[in-house]
Each structure stands twice: as structure tokens, then as C-alpha cells.
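Read the structure below first, then the notes.
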Protein chains: 2
Amino acid sequence: MVSFVSNYQDQTQLLVAVDCIIFGFDNDEVKILLIKRNFEPEKGKWSLMGGFLQPNETATNAANRVLETLTGLQDVYLEQVHTYTDPNRDPVERTVSITYYALIKIEDHNEELSKQHSAHWFSLKETPELIFDHQQMVNHAINRLRYKTSVQPIGFELLPEKFTMRQLQKLYETILNEEIDKRNFAKKINQMDVLIKLEEKDMSSSKKGSFLFQFDKDKYENMAKEGFSFKL
Amino acid sequence: MVSFVSNYQDQTQLLVAVDCIIFGFDNDEVKILLIKRNFEPEKGKWSLMGGFLQPNETATNAANRVLETLTGLQDVYLEQVHTYTDPNRDPVERTVSITYYALIKIEDHNEELSKQHSAHWFSLKETPELIFDHQQMVNHAINRLRYKTSVQPIGFELLPEKFTMRQLQKLYETILNEEIDKRNFAKKINQMDVLIKLEEKDMSSSKKGSFLFQFDKDKYENMAKEGFSFKL
DNA sequence: AATATTAAGTGTATTATTTACATTTATAAA
DNA sequence: TTTATAAATGTAAATAATACACTTAATATT
């Protein structure tokens, strides 16, 4: 019998960080929140917001902390994506990075805080050059988001409480990167029966105005318990 | 402007490990390879095979190393699943664990090596009690495998080079945990046109014998380049 | 040599889902 | 009052998924 666990004492310890891919939606396109490095190395380049894992902190805790630091938001939708371990990925010192993507409602975030961190929202199609392996992280997160939004109703995390059918459709179109027929879209969404149609209309987009909807989270969760699955 | 990156020097370093969920298929059910702990804590309980991340090693390197140590196999299909960071997940010392699942052909592995590690194959339905958070890791890996096998032709990694249509079907039935009609299954697989039907028959399962097939990896990859996607 | 046994191999009809597509309507602005 | 604009809505056609049963090839038995 060979002992398969080496002595814990002899083992190398490493820095462990989390990096957050923060997604927002501005009614027209999906954006990510990046911060500008004002120190070397890679000063002037843009990067994801990150932070080191602290003693007694889970990676999820750390991601929440990092997120709150930059946006002021708590209780944000977060999902772990992938862990990057290339020994040379960070030129300063070897760091393992665990990535999370966050879905926030752009209008909710604290602009003062993000200004303090020289943060800026970028359209996914116009991201600037990123440090290290951050572009890869972003790509991976987008793929995961694409998959997840199509099988779970997490898209609503990116929209205001009340939204129009067109906003919702536009959101899915941008995330999935495909055009959708509006009648077919409405049909599919309505069939799933997870939206509450309000009396209220949004008058900003047209003369006729368009009805506002809300996501019925309780109803969805009850249906999910009964085996229903969201599928777009 | 607030400096968002703390000094690297001040930061806590942690042990980082990989744990491998090793899947195999024995023509009847999906199994995982577990090792029995012969030391405290949790002596006598079963666990995943794991190992610490070494200097200059990526997590994928580490997973490959761990896998070769236990099975003698190289170039095995490996996919990172999730990273576990609860500060108390390992009672001996705080350890971050990155999990990978591996798909191997059971008959290819080195039994001598696995015997040396007190390893044993368990049916997924009859896994023994596992240490720490290893059961959670297994569950997560199964879910990922379920998803991945249905959108990429990785199931073949679990089968011998030559296999019958029924073996392939049985494999999918066990992974996806649902019965499939054999005519519909064959139709779907044949439509995708990624199998080579051999002249050869396997005579072990019936008097009539059943034709053997091979996965045409090159053809699949060319088709994938052209936008084709495997979907079961 | 004939017969029995067993899993392999195969096709069609039905149902459900997805896609394509155009007109009317409510409201504000002119 | 008219005009302009996006919102709202339904149906037919095409495609995909499902349900379902008999014939065949080879071995084993008599």
C-alpha cells in the first residue's frame, strides 16, 4: 500500500484569488465592468475586479466581498466558472484564480464606488485589451452565461424589476447572439407562465407604450419543485 | 483612486489540491474509482484520488499526474468541474480543492497500480460513505458529465475502440438515467453520421451477433469545424 | 438435419415543437 | 384631424420527437 497523500507540511502553498466577470445590461447590449490598473505591471491596461482569498473566507464570500467593494451591491447572482492555475499567469507571483460571473442591474450599482476604482462599463464587442488571462476568463464566463440563461431564468437578474417584453427579448438576443421572432418569443415566454403582466405601461419606447412585466420568482420555484424546467 | 490589489506579500497562501472523479463503464453501469484511506483522519472511509498542486504544475498537469499514478494511463479525457474552498472542508489543514472528472476505458487501467492504492470500482448507485465533501464533488461531476455527454461525443472515451450499438445505448441510458427506444436511438446516432460500421461482429451477447462500430473522430472534428453539433 | 431460442436489426405513423410570416392597434406628435 | 411609430397578436408549414412490432441471423438443442 502506497501512501497517496503527501504530508501536508511539505506542500507548497499558493496565493488564491477570485476574479469577477460583472455583467450588466443597458437595454441594448450586454456590458462588463472593468477596472483600469494604475500601477505596474500592465499599468494602464484593463482588468477584472479581483481580490485574494482571506483566511476563513470561502471563494463565494470573497467574490461577494469584491463585488460589494466595487458596486456597493449585496445578494447578487454569482456563479463560479473556472479556476486558472498556470504557474506563470500572474508575472508578479504565482496565483491561482477562481472566476465568478455576477449578474447585476446596472442602474442599482453605486457609481461613486466604481468611479473610485476607475471602473468602466464596456460593451462585450468592444472590450479593451485585458491583463494576463482575463480575456480568456471573460470568454469562458460568456459561454457559461449563454448556457445558463437558456436553461434557468437568471436573465431577470440583469433587468429592472419591471420590464417590457421587448427588453427581455433584446436581452436574450444579445446574450445568445441570435435574432428571435417577437411573436415566437412572446409565445414561448408566455407558455412558461412565469411572468406577471402588469396594468402599467412603459411609455418611453413608443407612442402606444408597452406593458410591463415582472418575473414571478415564487411561482417559478414552486413549478421547478414539481419538475418544470425553464428552457428558452 | 483606491488601490484594489493588496500587496501580494501580505496575503495568506493556501494548500491547493486536485481531486479526480474517475468514471468508467463496464457494459452495464457507470462506475467510479475510489481509494480507501488507511490513515487518520477518516481512516477506513473512501475518498477520491487527489494530490497537491506542485510548483510549476498546472491543475490539469496535476490531475494527469494523479490519474497516471493510480491507473497508469496517460492522455485521458479530463475536464475541470468546480473548486471547493470551504475553510473547514479538510479538518487537517485548510485546502482548496479543484476537481476534475476523468473518463477512462476500464479495461485499459493498470490493476496492479490501483491495487497498490487500495482502489475499488463502485457503481454510482452504491457508493460508500466518502470523506469530507467528496460526495458533493461526485454529484457535481455526474451532473456535468450528464450535460457534456449530451452535447459532445465524449461518451466514446468510456467505451472500447470497437463497440456495439447496444453498448453505446446502454452507456447513454445509464449516464442520462433514462430508457431510450433502440430504434429511435440508432436513428439519431446514424443521422449524425459519426460512426464507422465495421464488418466485424461481437458474438458474445447473442447468437446472431451484433455489428461493431468505431467513432470516427476525424470526421466528427471536420464536421464540428463546419458548425455541426453533436446532440443526443 | 430440423427445430427452438435469443438478441439484433429495421420503418412508419402520430404527436409535439419550432419556425416563418403580416396586419391591426393604441397613443403621441404634428 | 392626420400621421407616425412601435406594440400586440394567430395560423399554417416544416421539422423533430416519440411510440410501436415483426423479421432475421446465428447458435444451441433435439
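Proteins get letters first, then strands, A, B, ... in listed order; numbering begins at 1 in each. The analysis underlying the following values was restricted to heavy atoms, covering all of them including side chains, and did not include hydrogens, waters or symmetry mates.
- Summarising the geometry, the separation between CD on B:Q169 and P on C:dT10 is reported as 14 Å, rounded to the nearest angstrom.
- Applying the side chain to side chain contact (heavy atoms under 4.5 Å, CB included) test to A:Y77 and every residue at least two apart in sequence or in another chain returns A:E79, A:Y101, A:L103, A:K148, A:I154, A:E157.
- Residues meeting the side chain to side chain contact (heavy atoms under 4.5 Å, CB included) test with B:R183, sequence neighbours left out: B:D181.
- Bracketed by its first and final contacts, the part of DNA chain D lying under 4.0 Å from non-hydrogen atoms of chain A reaches from D:dA4 to D:dT11 in 5' to 3' order.
- Under a 3.5 Å cut-off, the side chain of A:R146 and the backbone N or O of A:I175 do form a donor-acceptor pair.
- Looking at residues 194-210 of chain A, you'll see A:S205, A:S206, A:K207, A:K208, A:G209, A:S210 sit with a heavy atom under 4.0 Å from some atom of DNA chain D.
- For residues 18-35 of chain A, the pairs satisfying side chain to side chain donor-acceptor pair (under 3.5 Å) are A:D19-A:S97, A:D26-A:K31, A:N27-A:Q167, A:E29-A:S123, with sequence neighbours left out.
- Rounded to a whole Å, the CG atom of A:L232 is 14 Å from the C1' atom of C:dT17.
- Partners of A:E178 according to the side chain to side chain donor-acceptor pair (under 3.5 Å) rule, which considers only residues two or more places apart in sequence or in another chain, do not exist here.
- Residues from residues 183-190 of chain B lying near DNA chain D, meaning a heavy-atom separation below 4.0 Å, are B:R183, B:N184, B:K187 in numerical order.
- Applying the side chain to side chain donor-acceptor pair (under 3.5 Å) test to A:E200 and every residue at least two apart in sequence or in another chain returns A:K162.
- For residues 218-232 of chain A, the set of pairs meeting the side chain to side chain donor-acceptor pair (under 3.5 Å) definition, not counting sequence neighbours, comprises A:D193-A:K219.
- Residue B:L168 contributes atom CG, which lies 16 Å from atom C1' of C:dG9 at whole-angstrom precision.
- Considering only residues two or more places apart in sequence or on other chains, A:I196 meets the side chain to side chain contact (heavy atoms under 4.5 Å, CB included) condition with A:L198, A:Q214, A:D216.
- For residues 142-161 of chain A, every residue pair satisfying the ring-ring contact (aromatic ring centres under 6.0 Å, His included) rule, not counting sequence neighbours, is listed here: A:Y147-B:Y147, A:F156-A:F163, A:F156-A:F215.
- The NZ-P distance, from A:K182 to C:dC21, rounds to 15 Å in whole Å.
- Shown here are the side chain to side chain donor-acceptor pair (under 3.5 Å) partners of B:N61, two or more places apart in sequence or in another chain: B:T58.
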